[in-house]
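Here is the naming used below: chain letters follow the sequence lines, and residue numbers restart at 1 for every chain.
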Amino acid sequence: MIDKLLQDFDISRFQHDLIQWYQENKRDLPWRKSQDPYKVWISEIMLQQTKVDTVIPYFYHFTEKYPTPQKLAQAEEQEVLKAWEGLGYYSRARNLHTAVKEVVAKYDGQVPSDEKHLGKLKGIGPYTKGAILSIAFDQPVPAVDGNVMRVFSRVLHIEEDIAQAKTKKLFEKVVGEVISKEDPSSFNQGLMELGALVCTPKKPQCSLCPVNEHCQAFALGAEEKLPIKSKAKKQKRVSYVALLIQDEQGRIVIEKRADNGLLANLWQFPMVPIKEVGFTHLESYVYREHGIPIQLQQKQGNLRHVFSHLIWEIDIYQASIISGEKFQKNKQLKLVSKQDLEQYPFPVPHQKMMKYI
DNA sequence: AATCCGGGGGC
DNA sequence: GCCCCAGGATT
């Protein structure tokens with residue numbers, strides 16, 4: 001199967017053309033200033049499903065705050081989440097923290113340089129493993145991401161659905177055959193750089209492509225038809241009322257989310273799933289669920305937040321704690337001053353609500 | 001194999 | 001709106 005795909009494909013010229021282009025055109029990115037495995041690791045986790053421009057400021061801040069595995073291992077998870085606030089996919093931060101603690105405890109702070117140990121760390125899957133081994137340790141291991149699948153689907157005119165899991169394995173075999181043994185780092189990064197700058201999803205710049213001579217899709221004029229990717233299903237909509245609850249001193253009620261699932265361990269203003277509860281039972285629901293006796297006040301606004309698989313539609317209300325009644329303290333609840341809000345990690349939609357306080 | 005898990009930006 | 005993005009964990 002692989003042999004058939006690669007017949008008439010000049011591997012060594014492809015390697016040379018790609019690597020030379022990469023050396024001459026690579027962007028000056030902060031994680032390319034060193035080969036420090038720890039920093040390569042952080043950059044690769046941050047770059048999962050996230051654009052370079054978004055990652056850059058987070059990478060600077062994070063590596064300045066946690067310059068070594070030891071520093072990160074010592075930090076509290078809440079503080080790590082705060083440094084990740086706004087970047088999304090927060091399990092990346094929690095898994096990275098867990099894995100770094102393991103590296104400090106078991107490997108004396110040295111990032112493992114072999115597939116077996118590296119691949120067992122939390123949050124390090126096939127892609128990240130290959131990226132770290134090739135970039136930090138110069139080992140010829142494939143690092144197949146969306147860019148690489150797009151580039152090779154065009155170069156070799158592969159029409160498999162890249163949304164399917166088994167298709168990624170096909171591309172890993174292909175890259176395993178084609179990867180440069182002399183400079184796997186430049187090879188892997190070159191593929192991703194090419195996908196980001198030239199072999200783009202829409203309107204690829206084939207005339208500027210260093211490997212267009214090797215590209216079957218270009219030869220066929222089929223570059224815009226590839227890669228083939230089945231569509232994701234639509235997100236579900238969920239309606240909430242979010243409550244900005246204040247006591248007489250103006251302190252605000254915040255709530256810690258569950259330690260698993262969506263936005264795990266982040267903080268938020270209490271939210272009521274209003275379709276199930278019913279607006280008329282909102283106050284009694286809050287008392288029953290949170291032990292807070294509230295009086296609903298004015299509506300402040302609304303917002304809509306789109307996740308990969310979910311859409312939140314939120315109406316935002318002010319509320320006051322009914323004086324004279326006892327506020328039952330729950331572990332997951334805190335009453336904090338407006339200034340202290342910034343100590344806690346909040347998901348973006350709840351950051352946006354703060355302007356109404 | 002399918003689903004869950006964020007958020008931003010391009011068009 | 002739809003699409004994409006240097007994916008991994010869970011079921």
Worksheet entry | Under 4.5 Å side-chain linkage, directly or through intermediates, the cluster mates of A/Leu226 |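 Result for A/Leu226 is A/Ile228.
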
Return the polar atom pairs (N/O with N/O) between nucleotides 1-3 of chain B and the protein under 3.5 Å, or none.
none

From [options], pick the nucleotide closest to the side chain of [X]?
{"X": "A/Pro201", "options": "C/dC4, B/dC5, B/dG7", "value": "C/dC4"}
{"X": "A/Lys229", "options": "B/dG6, B/dG7, C/dC5", "value": "C/dC5"}
{"X": "A/Lys168", "options": "C/dG8, C/dA6, B/dC5", "value": "C/dG8"}
{"X": "A/His309", "options": "B/dC4, B/dG7, C/dC5", "value": "B/dC4"}

Discussion item. Does this structure show an ion pair linking A/Lys122 with A/Glu102, if we count only N-O contacts that are shorter than 4.0 Å?
Written reply: no

Discussion item. Any salt bridge linking A/Glu85 with A/Lys82? Criterion: basic side-chain nitrogen under 4.0 Å from a carboxylate oxygen.
Written reply: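 A/Lys82 and A/Glu85: salt-bridged.
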
Donor-acceptor pair, distance only, cut-off 3.5 Å: does the side chain of [X] make one with the backbone of [Y]?
{"X": "A/Arg150", "Y": "A/Pro227", "answer": "no"}
{"X": "A/Arg237", "Y": "A/Glu313", "answer": "no"}
{"X": "A/Arg94", "Y": "A/Glu77", "answer": "no"}
{"X": "A/Glu160", "Y": "A/Ser153", "answer": "no"}
{"X": "A/Ser207", "Y": "A/Gln205", "answer": "no"}

Worksheet item: Taking the inter-plane angle between the rings of A/His214 and A/Phe9 on a 0 to 90° scale, is it parallel (under 30°), tilted (30 to 60°) or perpendicular (over 60°)?
Response: perpendicular

Discussion item. Parallel, tilted or perpendicular, judged at 30° and 60°: which one describes the rings of A/Phe346 and A/Phe269?
Written reply: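 If you compare the ring of A/Phe346 with that of A/Phe269, the planes turn out parallel.
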
Item to complete: Determine, using ring centers only, whether A/Phe14 and A/Phe152 are less than 6.0 Å apart.
Response: yes

Worksheet item: For the rings on A/Tyr58 and A/Trp84, is their centre-to-centre separation under 6.0 Å?
Response: no

How long is the line joining [atom1] of [X] and [atom2] of [N], in whole Å?
{"X": "A/Trp41", "N": "C/dG8", "atom1": "CH2", "atom2": "P", "result": "13 Å"}
{"X": "A/Arg304", "N": "B/dG8", "atom1": "CZ", "atom2": "P", "result": "15 Å"}
{"X": "A/Tyr58", "N": "B/dG8", "atom1": "OH", "atom2": "P", "result": "7 Å"}
{"X": "A/Met46", "N": "B/dC5", "atom1": "CE", "atom2": "P", "result": "22 Å"}
{"X": "A/Lys26", "N": "C/dA6", "atom1": "NZ", "atom2": "P", "result": "18 Å"}
{"X": "A/Lys234", "N": "B/dC4", "atom1": "NZ", "atom2": "C1'", "result": "19 Å"}
{"X": "A/Leu87", "N": "B/dC5", "atom1": "CG", "atom2": "P", "result": "18 Å"}

Worksheet item: Considering only heavy atoms, which members of residues 141-158 of chain A lie under 4.0 Å from some atom of DNA chain C?
Response: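 Listed by number, they are A/Asp145, A/Gly146, A/Asn147, A/Arg150.
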
Tabulate protein N/O versus nucleotide N/O from nucleotides 9-11 of chain B, keeping only pairs under 3.5 Å, one per line.
none

Using a heavy-atom cut-off of 4.0 Å across all strands, would you classify [X] as base, sugar-phosphate, or nothing?
{"X": "A/Trp31", "result": "base"}
{"X": "A/Val52", "result": "base"}
{"X": "A/Thr128", "result": "sugar-phosphate"}
{"X": "A/Ser91", "result": "nothing"}
{"X": "A/Ile45", "result": "nothing"}
{"X": "A/Arg32", "result": "base"}
{"X": "A/Phe307", "result": "sugar-phosphate"}
{"X": "A/Gly195", "result": "nothing"}

Practice prompt. Check if the side chain of A/Thr50 and the base of B/dG7 share a donor-acceptor pair of N or O atoms closer than 3.5 Å.
Written response: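 Not at all, since no donor on one side and acceptor on the other fall under 3.5 Å apart.
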
Worksheet item: Taking atom types as they are modelled, is there a donor-acceptor pair under 3.5 Å from the base of B/dG6 to the side chain of A/Tyr89?
Response: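 It does, because a donor-acceptor pair links the side chain of A/Tyr89 to the base of B/dG6 below 3.5 Å.
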
Item to complete: Verify the distance criterion only: is there a donor paired with an acceptor across the side chains of A/Tyr38 and A/Gln70 at less than 3.5 Å?
Response: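 Side-chain D/A pair, A/Tyr38 to A/Gln70: absent.
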
Worksheet item: Side-chain donor-acceptor pair under 3.5 Å between A/Gln78 and A/Trp267, yes or no?
Response: yes

Worksheet entry | Criterion side-chain hydrogen bond (donor to acceptor under 3.5 Å, both in side chains) on A/Glu44 and A/Trp31, from CA distance to verdict | CA-CA 9 Å; A/Glu44 291 302 337; A/Trp31 44 90; 5.8 Å; no

Worksheet item: Got a sec? Which of residues 348-357 of chain A come in under 4.0 Å of DNA chain B, heavy atoms?
Response: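 Here the set is A/Val348, A/Pro349.
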
Discussion item. Quick check on A/Gln249: does its CD atom have over 12 non-hydrogen neighbours (other residues, nucleotides or ligands) under 6.0 Å away?
Written reply: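 Above 12, so yes.
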
Using the 3.5 Å cut-off, write out each protein N or O paired with an N or O of nucleotides 9-11 of chain C and the distance between them.
{"from": "C/dA9", "atom 1": "OP1", "to": "A/Gly123", "atom 2": "N", "distance (Å)": "2.7"}

Item to complete: Evaluate the criterion side-chain contact (heavy atoms from CB on, under 4.5 Å) for residue pair A/Leu5 and A/Leu170; output intermediate values, then yes/no.
Response: CA-CA 11 Å; A/Leu5 280 173; A/Leu170 169 63; 4.2 Å; yes

Item to complete: Quick one: pull up CD1 in A/Ile316 and NZ in A/Lys352 and give me the separation to the nearest 0.5 Å.
Response: 10.5 Å

Discussion item. If I pick the C1' atom on B/dC5 and the same atom on C/dC5, what distance separates them, to the nearest angstrom?
Written reply: 15 Å

Discussion item. Say we look at C/dA6 and B/dC11: how far apart would their C1' atoms be, to the nearest angstrom?
Written reply: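 It comes out at 23 Å once rounded to the nearest Å.
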
